Amino acid sequence: MGIIVKPSIVVDDIKIEMDKDATSGAETIMSDWGRNIPIIKIGDYVLAIGDVREFSLKVALNSLPSFSMVINDEQYKVRESLKNDIDKCVIFLGYKDWYIKFNGIIDKTFSLLGDSILRLNGTYYNEKLYQGQQFSYKDLSVSDIFKNMCEKTSMGLFTYGDNDLSNVIDYSVMTGHRYIDFMDFLIQTYTNCVYSFDCHSYLHIGNIDTLRKQPLDKYSLNWSTGKSLDSPQDIIFKSFSKTDEKNDFKIPGRLYTINTNFSEIYKETYSNYWLGIGGKGKSEILSNNKIGIGGNNTNTFYGFKNHKFPFYADRINKLIGGNSIKLLTDNIVFELSPLSIVQLEIYLPFTSGRDVKIDEEHSGKKIVIGYNIDFKKQGKDLNKLTQTIELI
C-alpha cells in the first residue's frame, strides 16, 4: 500500500546570519554544516558551528525519535533561550535538497555547577499528538482508524496493508486518551504489528512477516555528494572487504557486530498460547515463531478473541528476537526509514587457511528496526556524522 496519508507538519525555519562580504567563507561553512555538523536552533537562538560538541539522534521501534546533545554555552545564549515553560528546538541534518528537519522539545537539561557545558535531551515534537477528545470508532478497520487519527494530528501514515490492519473493530472508544497513547493501545490490542515514527513525521506500521516479503527499498541520493542519482538504487549495505569488486552503489560499512538473544527468548516466552472462552472450550492463538517453552492458557469472556489480540509482548519479542546486527557507516542514508527493507552483505575476515568470504548465515534481506545518527567534535578537519543501523 505504501503512503496512505502525507504529513502536513510545519517545521520552523532556521535562519543563519552571515557577513554578506564573506561569500566564499559562507559557502565553505554551509557545505559542511548540516552534512557533517548538525544545525540546531533552541528557542530563537541558532547554535554557533563550534558550540555543538556531541549530538545523537535515535529512531527506534514503538517510540518517537529522541535526541541528546552536549553543547558549549559559555555565553549563556542557550540558557537565556530556556526561560520559557516549554523549551522547543529545531534540528537540521543533511544537504540543501535532501535533509532531516524536525521540531523537537527539550525534556531535560543538565550541567555541573558553574560549567559552560550543557547536556540536553529531548524528543520529536508534535503538540497535536498529545491532544485528544472522547469519541468512538464503530465498524472500521484498524487502518481506517489510524488514517483518521493521522489526519487529525497532521502526521503521515505508511503501511504495507497487513492483514492485521484490515481487521474491522466492532466498537472502540477513545476516552481519557491522548492520540499518541491511543495509537499505542490500538497496535498492542488489535494487531501483531510494530510501529515507529520517523523524523519526516510519518508513522510506519508493519507486521514482521509481511515486511520480510517486501522488495528492497531504494535510495536516490548519492551519499557522498548530496546529488541525485540518474536512477534509484536498491539499498545494499556491505562490510568492508579488500577482495570485493568495487560497486559505487553499495553502501560501505566501517564496522559491524552481531548480537543474539535466542536463549533469552526461548526461556522467557511460551511455545504456544491458548484462550479459554467463557466455558465454551479453548482456542489456540497462533504464533509464527514456535521458539519458547511451555504454554500460556488464559481464560476470558466470550467474544474477546474476535476483537482483541492477547499476548502482544510475547509474540512480538519472538518475532524481533534472535540475531540483531548493527552496522556503522560514515555514509549517511538520509532516505532510510524505520522498517525499511534492505540487503546486507557482511564478510568474514581473513584467517589462517581461509580467505575473506561472505557470511552467508547473517547476510541477506533485513528489516531496519532502528538507527542512530551521531556527531562528535574531534577537531577542525574531523567533524562528521556517522550512522549506526540495527537490522533483523
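Fair warning: this is a prediction, and the values are worked out from it, not measured in the lab.
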Distance (rounded to the nearest 0.5 Å) between Lys366 NZ and Leu344 CG: 6.5 Å
For Leu93, run the side chain to side chain contact (heavy atoms under 4.5 Å, CB included) check against Phe102, Phe375, Phe55 and tell me which one passes. Phe55
Answer yes or no: is there a side-chain heavy-atom contact under 4.5 Å between Arg212 and Ile392? yes
Do Asp184 and Tyr195 have side-chain atoms, one donor and one acceptor, less than 3.5 Å apart? yes
Test item: Val342 and Val333 side chains (from C-beta on) under 4.5 Å apart, heavy atoms: no
NZ/Lys101: more than 12 non-hydrogen atoms of other groups inside 6.0 Å: yes
Exercise: identify the closest heavy-atom pair between Ser271 and Lys318: O-NZ, 4.0 Å
Taking every non-hydrogen atom, the tightest pair across Ile187 and Tyr312: CG2-OH, 3.5 Å
Nearest heavy-atom contact between His204 and Ser337 is CE1-CB, 3.7 Å
Any chance you could measure Leu211, atom CG, to Ile341, atom CD1, to the nearest 0.5 Å? 4.5 Å
Under 3.5 Å side-chain donor-acceptor pair for Asp374 and Thr386: no
Any sub-3.5 Å donor-acceptor pair from Ser196's side-chain atoms to Ala60's backbone N or O? yes
Are the ring centres of Tyr179 and Phe182 closer than 6.0 Å? no
For Asn148 and Leu140, run side-chain contact (heavy atoms from CB on, under 4.5 Å): C-alpha distance rounded to whole Å, both residues' side-chain angles, the deciding distance at 0.1 Å, then the answer. CA-CA 10 Å; Asn148 179 265; Leu140 289 176; over 6 Å; no
Is any side-chain heavy atom of Ser81 less than 4.5 Å from a side-chain heavy atom of Asp87? no
Which pair of heavy atoms, one from Lys15 and one from Val46, lies closest together, and at what distance? O-CG2, 3.6 Å
Taking all non-hydrogen atoms of both residues, which atom of Cys193 and which atom of Ile205 are closest, and how far apart? CB-CG2, 3.8 Å
How about Val52 and Lys377: do any of their side-chain heavy atoms sit closer than 4.5 Å? no
Consider only side-chain N and O atoms of Lys128 and Ser154, and report whether a donor and an acceptor are under 3.5 Å apart. yes
To the nearest 0.5 Å, what is the distance between CG on Asp51 and CG on Asn72? 5.0 Å
Mind checking the CG-OG spacing from Leu157 to Ser143? Nearest 0.5 Å is all I need. 6.0 Å
Between Met183 and Leu203, is any pair of side-chain heavy atoms under 4.5 Å apart? yes
So with a 6.0 Å cut-off around NZ of Lys147, is the heavy-atom count from everything else above 12? no
Are the side chains of Met155 and Ile9 in contact, using a 4.5 Å heavy-atom criterion? yes
Between Tyr347 and Ser363, do the side chains contain an N or O donor and an N or O acceptor separated by less than 3.5 Å? no
Lys267 side, atom NZ; Asn261 side, atom CG - distance, nearest 0.5 Å: 10.5 Å
Side-chain contact, heavy-atom cut-off 4.5 Å: Gln387 with Leu336? yes
As an exercise, state the distance from CZ of Phe237 to OH of Tyr256, rounded to the nearest 0.5 Å. 15.5 Å
Please name the pair of heavy atoms, one in Leu327 and one in Gly253, separated by the smallest distance, quoted to 0.1 Å. CD1-CA, 4.1 Å
